[in-house]
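This report refers to the structure that appears directly beneath it.
Note that the structure is a prediction, hence the values are computed from the model and not measured. Quick note on labels: first sequence line is chain A, next is B, and so on, each numbered from 1.
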Amino acid sequence: MSEAGEDARQPVSQALQHLANRLDREQSLEPADLQNVRLQFAALQRVAGSQAGAIVEQVRVRLAAAEASLLGDPPEQPLNALAEDEESVRDFIVETSDHLDAADQELLELELAPDNPQLVNGLLRRFHTIKGLAGFLDFAAIRELAHAMESLLNRFRDGQSRMSAEAADLLLACVDALHAAMAQLGEDLDAGRALNPSTPAELCDRVLRAAADEVLEAAAPADSEQAATETVAASETACAVRPGPSVPTTLRVEAGKLELLIESAGQLVVAQALAQHHAGGLDEADYPELVARMTEVYKLTQRIQSHAMSMRMAPIGKLFDRTARTVRDLARKLHKQVQVETVGGRSEIDRTLIESLADPFVHIVRNCVDHGIEPAEERDRAGKPAVATLTLRAAQRAGRVQIEIEDDGRGIDLEKIRAAALQRGLLHDGDNPSEPELLDLLFEPGLSTAERITDISGRGVGLDVVRTRIESCRGTVRATTRSGNGTCLTLSLPLTLALLDGLIVNVAGRRYVAPLFSIRESIRPTAGMLRRTAVGAWIAEVRGEFMPVVRLGRRFAIPGASEDPRQGLLIVSEGSGRRFCLAVDEILGKQELAVKALSGPLPRIPGISSVALLGDGGVGLILDIEALYEESPILEISSDSR
Amino acid sequence: MRILIVDDCGQTRRFIRRIAELSGVRIEACFEAADGREALDLLRAEDVDVVLIDMKMPVMDGEELIKAIRNDPALRSLPALVVSADADPQSVARMIKLGAAGYVEKPFSPDLLGRELRRVVSVPV
């Protein structure tokens with residue numbers, strides 16, 4: 001402090017004098033003010049130097065008197081002025097949740113690259129901010145936990161300790177606890193309950209102990225050499241993948257309002273199409289102005305529709321981040337080393353799809369980590385790197401998004417699938433399925449090739465559930481494998497559930513929409529293609545394959561519908577890996593349609609998933625292909641007779 | 001009173017602004033800056049009565065900002081209130097030595113902020 005000099009000490013004396021005057025002037029100070037004075041005094045004392053001795057003493061005496069006069073006063077009321085303001089609390093939840101999402105990812109990166117100071121500093125700032133904000137709202141539990149995390153991270157920054165797997169477990173558990181507290185706050189706000197978010201006190205204690213305990217890191221010295229080499233490799237990838245700091249200008253809008261806007265945009269498209277339809281007969285030469293305006297309206301409508309749709313979209317990277325966390329936790333539990341690489345996380349996909357994909361993703365990566373990826377010794381024997389790689393890749397192709405989940409594990413043993421399928425009657429002696437057909441059997445209920453059953457996966461449920469979920473999102477899933485070198489699951493999904501490419505068909509004057517993704521082909525039946533079974537069901541033979549026939553007219557009991565499928569068209573459809581034919585009168589066209597879910601007073605109709613607004617303003621029912629197959633009583637008979 | 005809040009966290013700035021509005025002090029204008037550099041640019045363009053400064057900020061932190069204010073003849077007499085969540089007496093002392101008019105520890109109540117605001121604008125630096 002010697003560099004302070006005379007001129008620097010002068011303001012110190014002034015400030016001390018000011019404190020003394022203030023203590024004199026104000027007879028009874030509020031506890032918060034007193035604390036403030038105490039802090040300033042403590043600070044000033046350190047730099048006061050010998051010349052200010054007298055004034056230091058004066059302040060000390062007055063401060064003691066002020067403190068004495070406060071004794072017996074009730075403790076200060078909590079400063080919950082902001083906590084009573086709903087908007088402030090909601091802002092806090094959003095802000096904190098954003099920090100937590102980012103922190104989750106950064107902690108995983110830090111575990112791989114424990115010596116990256118930027119990561120440590122970034123995390124420090126996040127928890128410092130959370131602590132500060134929680135303080136203003138008087139959410140003590142959140143503030144204390146964030147403060148404890150900050151203390152532990154400070155040790156990393158100062159080089160007194162280093163991020164370890166144990167520390168990562170602890171800090172990630174804290175992030176989870178804070179996430180839970182945010183959810184609780186949100187629920188309490190919605191329900192109008194008193195706000196008192198809590199976090200497990202035991203967790204906070206553990207973090208504080210870790211921050212005080214220097215031996216936390218030394219827990220696993222045995223593999224430090226390996227850890228060191230791993231770190232070098234990992235930090236390179238971490239740096240390569242990490243995007244630069246970006247400050248997107250975002251506006252938070254209530255989801256309901258957005259849905260309304262998107263719905264209106266969809267209706268606008270239909271209204272515009274209707275107007276266009278009616279104006280179709282006008283001659284451009286007679287109404288040049290009108291036709292020009294109509295064209296402009298058309299362009300604007302298309303633009304509004306596409307912008308409205310883009311608002312529903314979110315980068316698939318959000319799902320990848322969540323999955324990376326799942327992989328990390330699973331790998332820890334199974335004592336395997338797995339690094340996650342992501343490619344194409346910026347591809348955008350419907351928000352609701354991201355939600356629907358979360359569970360299937362967990363199933364898939366569980367399978368990868370539990371069964372696909374070998375223990376380190378086995379990898380070593382096979383000459384593979386000890387750290388396995390799980391790659392998550394997304395790319396947009398032809399209006400759909402293709403997602404790949406690939407591991408570099410042992411691959412799938414096709415012979416085991418064949419044996420399991422034979423045992424469960426999914427295959428019969430003499431069947432000679434191709435490799436893709438065998439791999440498709442993986443998604444059949446009850447088929448599991450796992451040799452042992454663990455608590456992670458392998459109870460024979462999983463992949464069939466994955467396929468059901470993906471198909472309910474109008475997606476497909478298939479597996480490819482290279483023996484000894486890994487497995488890849490490829491998911492193909494629509495970019496949005498709000499639009500649908502549909503085939504519009506006519507059945508006795510009523511229009512239905514068959515989703516194009518579940519249609520293989522349409523056929524005009526030739527003589528002998530259709531046969532009637534003894535129980536009255538129809539069977540079609542298409543290029544040597546026998547398929548049950550669902551007559552839509554009969555299925556929906558449409559009056560006047562033709563009973564004979566030979567007079568109409570057959571649409572070869574596929575759902576849950578099974579093929580069957582839909583018999584319809586004719587195909588009216590192919591169109592991109594805006595989908596509206598069936599809701600409100602409308603009952604759920606078996607075999608119908610939702611409705612679509614057609615180009616002429618009419619409505620078409622969208623067929624639920626899988627349900628048509630599953631729920632058709634005729635098919636049960638026909639599949640028995642197969 | 002015309003105040004400037006300097007903090008790198010936007011949400012914190014909004015919270016401080018709301019607290020200032022609840023403090024009983026009439027806030028005629030409230031400016032915000034995310035770091036010291038932005039704050040200096042703003043101070044040179046706008047008329048401000050008091051500046052509230054966070055210590056930890058990127059680009060130009062609180063300490064550098066106070067130094068810059070004291071070294072600028074046009075800003076020399078502007079009262080600066082240090083606002084921080086870390087009551088490290090040494091840094092508080094350093095800030096006061098540099099010429100900060102006061103220190104408030106985050107979080108603070110509207111009452112406390114109101115009293116500190118009134119106090120620092122009435123005391124010549």
No-hydrogen, no-angle side-chain donor-acceptor test under 3.5 Å, A/N21 and A/Q17: yes
Candidates A/R157, A/K131, A/R155, A/R143 - the one meeting salt bridge (Lys or Arg N to Asp or Glu O under 4.0 Å) with A/E150: A/K131
Smallest separation among heavy atoms of B/A101 and B/V120, with atom names: CB-CG1, 3.7 Å
Engaged part of B/D8 at the chain A interface, taking heavy atoms whose separation is under 4.5 Å: side chain
Contacting region of B/L98 [heavy-atom separation from chain A under 4.5 Å]: neither
Top contributor to chain A interface from B/R94, B/Q11, B/E116, B/R14 [non-hydrogen pairs under 4.5 Å]: B/Q11
Results of salt bridge (Lys or Arg N to Asp or Glu O under 4.0 Å) for A/D91 - residues two or more places apart only: B/R18
Most contacts with chain A, counted as non-hydrogen pairs under 4.5 angstrom, among B/D111, B/T12, B/D7: B/T12
